[in-house]
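A short write-up of the structure that comes next.
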Amino acid sequence: MKNILISLIVLATLFSGCSNGQQNSTVTSDNQQTLVVENVNAQKLNELITQHPEGIVLDVRTPEEIAKGHLANASIIDFYDETFQQKVKMIRKDVPVFVYCAAGSRSAKAAELMSTMGFTKVYNLEGGYNGWVSAGYETVNDGGVTVSKAEIFSSEQLASLLKNNLVLLDFHTTWCIPCRKMVPVIDALKKEFAGKVFIQSIDADTNKELTEQYKVVSIPVFILIKDGKELMRKTGLTAKEELESEINKAL
């Protein structure tokens, strides 16, 4: 009888962390456990997104699923895409990431993977997009992301541009919502500094060689270079005034 009770206690301990077949993930460092992945319901996720406007909403569903609707301001990377892990590496790791799929299975796997990639906090939506809709929260139906053909640059082409010029490099991707939010800022700077500064946008997915050459590890990233020397590097959403100030100092 005693052995049976011990066995039951062990089993209960093993399964106590499960929720709908999913588990929260922890990373152990210096004898301390840090909760990286946390499974939350739609209500909690909605609260967290509101509390952390700097966070990244990540939709890991297929293009066909996304075409029927998605959460507002969601960056989109198909979990089944063979470049999924490579793209996820480009997401900022120092801000909360809110990941979801249709019902919660793919996003749980994605969140588990991200917990091994240096992300500091990942929230997985239990019940996924279906649960979000059932709870009555708003969605966006814009047909998904339209992917345009990006220009390819060689190291030689960029080196020629950088020679004796002040250049602002804008590394981005089509699926990155923070990147898309920065487009009006970059367009405004192009008009303001026309003839004074070369502002070059570079798709990080298409131009992998340059992305590696400039050690771009997350996007968007803005690099100001003068006479071949890096003067400034900003990552993530950046105010126009901040970039403007750095450019004026370099002129």
Taking everything shown except Lys109 itself, do over 12 heavy atoms lie less than 6.0 Å from its NZ?
no
Does any non-hydrogen side-chain atom of Leu189 lie less than 4.5 Å from one of Leu243?
yes
Taking 4.0 angstrom as the limit, do Lys87 and Asp81 come out as a salt bridge?
yes
Evaluate the side-chain proximity of Ile202 to Phe153: yes if any heavy-atom separation is below 4.5 Å, no if none is.
yes
May I ask you to decide if Lys229's main-chain N or O and Asp227's side chain share a donor-acceptor pair within less than 3.5 Å?
no
Would you find a donor on one side and an acceptor on the other, under 3.5 Å apart, between the side chain of Thr139 and the backbone of Leu71?
no
For atom NZ of Lys240, is the number of surrounding heavy atoms from other residues, nucleotides or ligands below 6.0 Å larger than 12?
yes
Spacing of OG1 belonging to Thr174 relative to CZ belonging to Arg180, to within rounding of 0.5 Å:
8.0 Å
Using a 3.5 Å distance criterion without hydrogens, assess whether the side chain of Ser134 forms a donor-acceptor pair with backbone atoms of Gly131.
no
Under 3.5 Å side-chain donor-acceptor pair for Asp142 and His70:
yes
Any chain of hydrophobic side-chain contacts (each under 4.5 Å) joining Leu58 to Met182?
no
Side chain to side chain donor-acceptor pair (under 3.5 Å) between Asn124 and Ser107, intermediate numbers included:
CA-CA 6 Å; Asn124 174 50; Ser107 59; 2.5 Å; yes
Is any side-chain N of the basic residue among Arg92 and Asp94 closer than 4.0 Å to the acidic one's carboxylate O?
yes
Can we say Lys68 and Glu65 salt-bridge, meaning some charged N sits less than 4.0 Å from an Asp/Glu carboxylate O?
no
Are Val221 and Ile225 linked, directly or through intermediate hydrophobic residues, by side-chain heavy-atom contacts shorter than 4.5 Å (ILVMFWY only)?
yes
I'd like to check Ile49 versus Val57 (side-chain heavy atoms, cut-off strictly below 4.5 Å). Are they in contact?
yes
Answer with yes or no whether the side chains of Glu151 and Thr206 bring together a donor and an acceptor at under 3.5 Å.
no
With a 3.5 Å distance limit and no angle check, can you tell me whether Thr120 reaches the backbone of Gly118 through a side-chain donor-acceptor pair?
no
Taking ring-ring contact (aromatic ring centres under 6.0 Å, His included) as the criterion, tell me which of Phe98, Tyr100, Tyr137 meets it with Trp132.
Tyr137
Salt-bridge test for Lys121 and Glu38: reply yes if a basic N is under 4.0 Å from a carboxylate O, no otherwise.
yes
Gln51 atom CD, neighbour heavy-atom count above 12 within 6.0 Å
yes
Keeping the roles fixed (side chain from Thr116, backbone from Leu113), state whether a donor-acceptor pair exists under 3.5 Å.
yes
Check the pair Val40, Glu126 against side-chain contact (heavy atoms from CB on, under 4.5 Å), reporting the backbone distance first and the verdict last.
CA-CA 6 Å; Val40 296; Glu126 291 182 318; 6.0 Å; no
Salt bridge flag under 4.0 Å for residues Glu246 and Lys249
yes
Check whether Val36 and Met117 end up in the same hydrophobic cluster, where Ile, Leu, Val, Met, Phe, Trp and Tyr are linked by side-chain heavy atoms less than 4.5 Å apart.
yes
Any side-chain heavy atom of Met232 within less than 4.5 Å of one from Ile223?
no
Specify the closest pair of heavy atoms between Ser154 and Gln157, including all atoms of both residues, with the distance to one decimal.
N-OE1, 2.8 Å
Under the 3.5 angstrom rule, does the side chain of Asp78 hit a backbone N or O of Tyr80 as a donor-acceptor pair?
yes
Nearest non-hydrogen partners of Ser75 and Ile177, listed with the distance
OG-N, 3.0 Å
Is the backbone N or O of Asn207 less than 3.5 Å from a side-chain atom of Thr211, with the two atoms forming a donor-acceptor pair by type?
yes
How long is the straight-line distance from CD of Glu192 back to CG of Asn248, given to the nearest 0.5 Å?
7.0 Å
Same hydrophobic cluster for Phe193 and Leu224, using side-chain heavy-atom links shorter than 4.5 Å among ILVMFWY?
yes
Heavy-atom nearest pair, Ile76 first then Ile66, reads CG2-CD1, 2.9 Å
Hey, is NZ on Lys208 packed in by over 12 heavy atoms from elsewhere, all under 6.0 Å?
yes
In Å and rounded to the nearest 0.5 Å, what is the OG1 to CD distance from Thr238 to Glu244?
13.5 Å
At what distance, to the nearest 0.5 angstrom, does CG of Asp170 lie from NZ of Lys234?
15.0 Å
Ser245 side chain vs Glu241 backbone, donor-acceptor pair below 3.5 Å
no
Which heavy-atom pair separates Val99 from Ala111 by the least distance, and what is that distance?
CG1-CB, 4.0 Å
With a cut-off of under 6.0 Å to the ring centre and 45° to the axis, is Arg233 in cation-pi contact with Phe222?
no
May I ask you to test the Pro96-Glu54 pair for a side-chain heavy-atom distance under 4.5 Å?
yes
List the atom of Lys226, the atom of Ala250, and the distance in Å for their closest heavy-atom pair.
NZ-O, 2.6 Å
Taking atom CZ as the centre, does Phe198 end up with more than 12 heavy-atom neighbours from other residues, nucleotides or ligands that are less than 6.0 angstrom away?
no
Got a second to check how far Tyr123's OH is from Glu47's CD, nearest 0.5 Å?
11.5 Å
Does the side chain of Ile91 reach to within under 4.5 Å of the side chain of Trp175, using non-hydrogen atoms?
yes
I want to check something: taking the side chain as every heavy atom from C-beta on, are Met90 and Val216 in contact at a cut-off of under 4.5 Å?
yes
One should read off an interatomic distance between Ile56 CD1 and Lys93 NZ, to the nearest 0.5 angstrom, of 11.5 Å
Where the side chain of Asn165 meets the backbone of Lys163, is there a donor-acceptor pair that is under 3.5 Å apart?
yes
Closest approach of Phe171 and Ile219, non-hydrogen atoms and distance?
O-CG2, 3.9 Å
Within the 4.5 Å heavy-atom criterion, are Ser201 and His172 side-chain neighbours or not?
yes
Is it the case that one hydrophobic cluster holds both Ile186 and Leu251, taking links as side-chain heavy atoms less than 4.5 Å apart, direct or via other members?
yes
